[in-house]
Each structure stands twice: as structure tokens, then as C-alpha cells.
**Q** 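One structure, as C-alpha cells, below. Some questions next.
Computed over heavy atoms, backbone and side chain alike; hydrogens, waters and symmetry mates excluded. This structure is a prediction, so every number in the text was calculated from the model and none was measured. Chain naming here is simple, since letters A, B, ... match the order of the sequence lines and numbering starts at 1 in each.
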Number of protein chains: 2
Amino acid sequence: MAYDTSKWQQHINQGLADLDLPPVPATLYEPIRYMLALGGKRIRPLLTLMAADLFSISDIRHAIPAALAVELFHNFSLVHDDIMDEAPLRRGKPTVHKKWNANVAILSGDNLLIMAYGQLAKCPSDKLPSILETFNAMATHVCEGQQLDMDFERSPTVGINDYLHMIQLKTSVLLGAALKIGAVLGNASDVDAQYLYDFGVNVGIAFQLQDDLLDVYGDPEQFGKQRGGDILANKKTYLLLKALETADTETVSELHDWMKRSDQPQIKINRVTAIYNSLGIQQATETMKRFYATQAYAALDRIPCEKSRKLPLQTMAQHLLNRSN
Amino acid sequence: MAYDTSKWQQHINQGLADLDLPPVPATLYEPIRYMLALGGKRIRPLLTLMAADLFSISDIRHAIPAALAVELFHNFSLVHDDIMDEAPLRRGKPTVHKKWNANVAILSGDNLLIMAYGQLAKCPSDKLPSILETFNAMATHVCEGQQLDMDFERSPTVGINDYLHMIQLKTSVLLGAALKIGAVLGNASDVDAQYLYDFGVNVGIAFQLQDDLLDVYGDPEQFGKQRGGDILANKKTYLLLKALETADTETVSELHDWMKRSDQPQIKINRVTAIYNSLGIQQATETMKRFYATQAYAALDRIPCEKSRKLPLQTMAQHLLNRSN
């Protein structure tokens, strides 16, 4: 990305480095240091800074605490989700509950959430109530989304709309809130802040659909994961749910049969992919992804400021939605 | 208690009832409803209201959201601690992770914490930064205390001072913060708010020492638990640590031997209690408890307001420290 996002990245990384975590209890703070050092693209805090800059923040550094709050919250949710999903790896490294244990992961996750609020408390006091309100609503939605995701694993009847609702809560509202909080700090009007929220939420849904697509149609070399992981895990992705909704009774039975089997992984991946292909699932998902992307850009368009100023956010969205990894 | 705390209790219970939790996802909100319905004496939110009233709050109802935040935080910490401690029961009912499962308990605990911040956000905006700061510091301390408590379980060398530090973090700072936040809402000076915080922290430590005493020297009928539960669980209470610090080498060995045994529970309780008796542990603990109680009352004394106005807090402290259950 052009623009000076690299400078902002530095601000964010510096801010994380400056958190100045106490040395003890080591069992509480080591996992937090470990998690924050795993890196990642810091997209969410970057969105906060980009949103603040889109409007009229006097000094971008005033938005750093809020950006850090967003990143800390994201890490809190990763640590706790990894316990619940029994995920062994995060960014190629052992997850906190694997490297330490579940108790350590619960508590260091809790503290990451509290640290997020610690950063929010540094926001300008006149903006604090509004920022807290946006953040709290987002945080509750993320919990609801994670719970729905877990509920869906055990539910035999998950519809496409249930799924879209779930990923909106679990994944997208964080992007929306990251942007909205930045907008508030940049003195945006309520209406414009809401447009930016809508932009983020729609980008987020499109992003998740892209993620579902990459599992089956991505280039494993670039994606960095084996193709078909979601199929093997019987994950109720948009692709699977759409296939179950579109297929004839016989094919639905076959899909259900494969979901019960784990004896022939490669054949399972190939066969389910062939079913997806025969039903045009890739195209249907691409269409849905484009629908949300279009909604996102339309929301951004509605913000009455110079087009060139929106370029960084547009570029970021394109980058997220056309990624191959 | 005299005074109109019963009216305040009602305010708190009404506030909890008015939280108006959404019906879905039921797996997220049912455990929260369940937990809040388990009851309890609501001492912590009551402290917030009492502190606000001690100074000059115009309408006590303005302190209700902060009081609810304190109670929601307390419940968050109970739900997560119960997972970590593998506790089967809470107030005689199955704990959330037993009634549902650990994942449900993690996530509904998370949401209780977020809901606490949702209430804080309703505090008057001019007081919000200060209240958030106090609350966040407390919340982090509580996490640190819980982590230390877990660390101590596995540590062979826990000293009396380590223990006092741990219970201050895990238990007492919440009482201190509940009071301090009330004081801030009541327009107390910084100095007076700090005195009230010190009062709460010292009451909290004395309270925990009382808890340790009750396990061994309480009347099981009144205490509602079997005597000696801490001894059977090899819990590093003030009593045990003091005994290990005071006893001669031979008795220390005997205590360590008993800590490794679980074959003769009643004999273990009797013998460890006899050792405590021979070492004067009950008196030593009572002395320590009185020390903290005295510190607490001294802090309260320093607040320059009419003595009679402090009576409710004094009565509450006496009630907490002389309880037999």
C-alpha cells in the first residue's frame, strides 16, 4: 500500500512495545507478550488510524490508544477463541493454551480485554462515552458471534442467513467499530461515522467469504495452508451451506455422508470440491462477496469528502478482498 | 443493618433485573441470567452506593450503573475462577462450566466483563476517565491475584507476605475500587477517595483472614460448610503458611506429610488443627486480622466528615469481619 501507512504501522508497533507490561506474574504477562509478538498485519488498528485521518484529527497520535485498544481486543478474542476451538496453532506457532495451559489462556485473555479498556480510557474525555458505547456493542456482538459459531457446529440446520449473521457478529463488526471509533476521534459527524461503520462491516463479510473461498479454491503455496481444511473439519462455511441449500436430495445425502467420514481425506476433499463445482458454488460465493464489496464501497462513497482522501481505505479494502493468502 | 441499605439493595436488584438481556444466543445469555440469579449479598455494589452517599451525590440513582458494573465484574471473575479452580458448586448450585461447559463459561464470563464496562459507560462523562482508570487498575490486579493464587498451588515456597499480597490483589482491591468509584461519583476529593479505597482494601484482607479462620474454627452449622475443607484441599491459607513459618523442623515435616496424604480425611483435619492449636495459629491470625481492621478504621477516620455519616460503612465492615458464615 502506498500512503504513509508504514509510518502508522510503526506507531502501532511502537505503541504495543510501549505497553510496558510488568514482569510478574510471569505466567500472566509472558503469554500476553508472546501473543502480541506473534505479529500479524495490524489491519484493525490501522483502520482506526485511517478513519481518524480521513476526517480532521489534529494529530494522528491522539488515535493511537484507541487503535491499540482494537488490537488488544482482537488478541483477547484470538486467545479465548483458540481455547474454545481447540486450535493448536496460531500464525504457525503454538497457541497460548497449548504452550501454557487453558487456565493461563483464560486469564491472560481476560487481561488483554482489560488492557484494551485501559487504552480506551486514554481517549479524549469528550469522545470517551461515544467510543465506549461503540466498543462495548462491538465486544458483545463478537461474543455473540463466537457463541453462534459454536452453536452452529452442533446444529443440523444452519441456513445461509444464519451464517451471514454469525460472521457479521464474529468478524465484521470489529472492522466496523475500528473504523467508527477512528471516525469519532477524527470529529466525523454521526452519519459519516456510521457510513464508515457500514463500510467496515460489509468489507468484513466479504473478507470472510473470501476466506471460505480460499480454503477450497486458493493456491496452497500462497495461502500457506493445505487446501480443503474446512472440508475435512466439516466446517459450515458459506460454500457448504450454499451447496446444501442448492443441491438435490441425492447430493445433499452424499454431502452428509462425507461429513460423517474421515477415512479418506483426499478423496473427501476432491469429491466435495467436485460437488461444489457442479453446483457453481464458487461463482455463487464470488457473487455474494461482490454484493458485500459493492455495499461497502457505496457506504464509503456516501461520505462527503474529497475522493482522493478515501483512496487509502479503498486500497486497503481491495487488498483485503483480493488477497490470495 | 439499619440505615436504608435495604432500599439500595432493591435498587441494585432492580438494576440487575433491568439489564434486559437478549434471548439469543441462549447459550450465551442463559448462563449470565443463571449466575446473576444465584443471588449473593451484593455487598460490593452496596459499598459503591454507600460511598457515594457518604459524600455529596445529588441522587443515589446516578451511582447505580457503577454499582452494577462492580457486581457484573464480580460475577465475571467468579465464573472464570470457577473454571480455573474446577469448582463444582457456587452458592450450592452447579457452577456455569459444570451446568453447561467450559466454553460456555469462558464466553459468558467474557460477556459479563464487557457488560460491566457497558454500565461504566453510563457514568457521568466528567467522572468517566477517573472511574475507568480505577476500575481498570482493579481489574488487572484481580487477574494478577488469581494468577498468583494458581502459581502458589504449585510453588513449594510461599511466604506469608506473598500470601497477603495475593489476597490483596485477588479479593481486596475490588472492595477498595467499589468504594473509590462511589466516592468519585459522590464528588469526594482525591485524598478522601483514596482513604476510602484504603479502608476497603484493609477490610478485604481482614475479611479473607476471617474466611481462612472460619474453615478451621468456624461453626459448621453457621458456616454452612464442613470444617477443614481448606486443610483437605491443602490450600495455602494464612493458617497453613503461618504454621509452616512458625513450626520446628519436625512439625513442618509432619505438615508436609499430611499435605501429601488424602487417605484419612478426618484424622488429617484433626491432626493439622491440633498442630495449629499447639502453635497458636488461631490467635496469630486473629491478631493479623485485627491489624488490618484497625488500619481500615483508621483510614475511614481520616475522612473529614460527620462521624455519624460513616456509621453505615463502619457497621458493614463490622458485619463482614465478625461474620460466622
**Q** If the cut-off is 3.5 angstrom, what donor-acceptor pairs do you find between chain B and chain A?
**A**
| residue | atom | partner | partner atom | Å |
| --- | --- | --- | --- | --- |
| B/Thr27 | OG1 | A/Gln147 | NE2 | 3.2 |
| B/Thr27 | OG1 | A/Asp151 | OD1 | 3.0 |
| B/Thr27 | OG1 | A/Asp151 | OD2 | 2.7 |
| B/Tyr29 | OH | A/Glu144 | OE2 | 2.5 |
| B/His80 | ND1 | A/Asp110 | OD1 | 3.1 |
| B/His80 | ND1 | A/Asp110 | OD2 | 2.7 |
| B/Met84 | O | A/Asn103 | ND2 | 3.2 |
| B/Asn103 | ND2 | A/Met84 | O | 3.2 |
| B/Asp110 | OD1 | A/His80 | ND1 | 3.0 |
| B/Asp110 | OD2 | A/His80 | ND1 | 2.7 |
| B/Asn111 | OD1 | A/Thr140 | OG1 | 3.1 |
| B/Tyr117 | O | A/Asn136 | ND2 | 3.3 |
| B/Asn136 | ND2 | A/Tyr117 | O | 3.3 |
| B/Thr140 | OG1 | A/Asn111 | OD1 | 3.1 |
| B/Glu144 | OE2 | A/Tyr29 | OH | 2.4 |
| B/Gln147 | NE2 | A/Thr27 | OG1 | 3.2 |
| B/Asp151 | OD1 | A/Thr27 | OG1 | 3.0 |
| B/Asp151 | OD2 | A/Thr27 | OG1 | 2.7 |

**Q** Can you tell which part of B/Met150 gets under 4.5 Å to a heavy atom of chain A, answering side chain, backbone, both or neither?
**A**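 When you check distances to chain A, only side chain atoms of B/Met150 fall under 4.5 Å.
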**Q** Pick whichever of A/Leu132, A/Val104, A/Ile114 has the most heavy-atom pairs under 4.5 Å with chain B.
**A**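 Among the listed options, the one with the most contacts to chain B is A/Ile114.
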**Q** Can you tell me which portion of A/Phe135 sits under 4.5 Å from chain B's heavy atoms? Options are side chain, backbone, both or neither.
**A**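 The answer is neither part of A/Phe135.
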**Q** Measuring heavy-atom distances to chain A, does B/Leu28 have an atom under 4.5 Å in its side chain, in its backbone, in both, or in neither?
**A**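 It is both, since atoms from each part get that close.
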**Q** So which residue, B/Pro129, B/Cys143, B/Ala139, ends up with the most heavy-atom pairs under 4.5 Å with chain A?
**A**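 Most heavy-atom pairs under 4.5 Å with chain A: B/Cys143.
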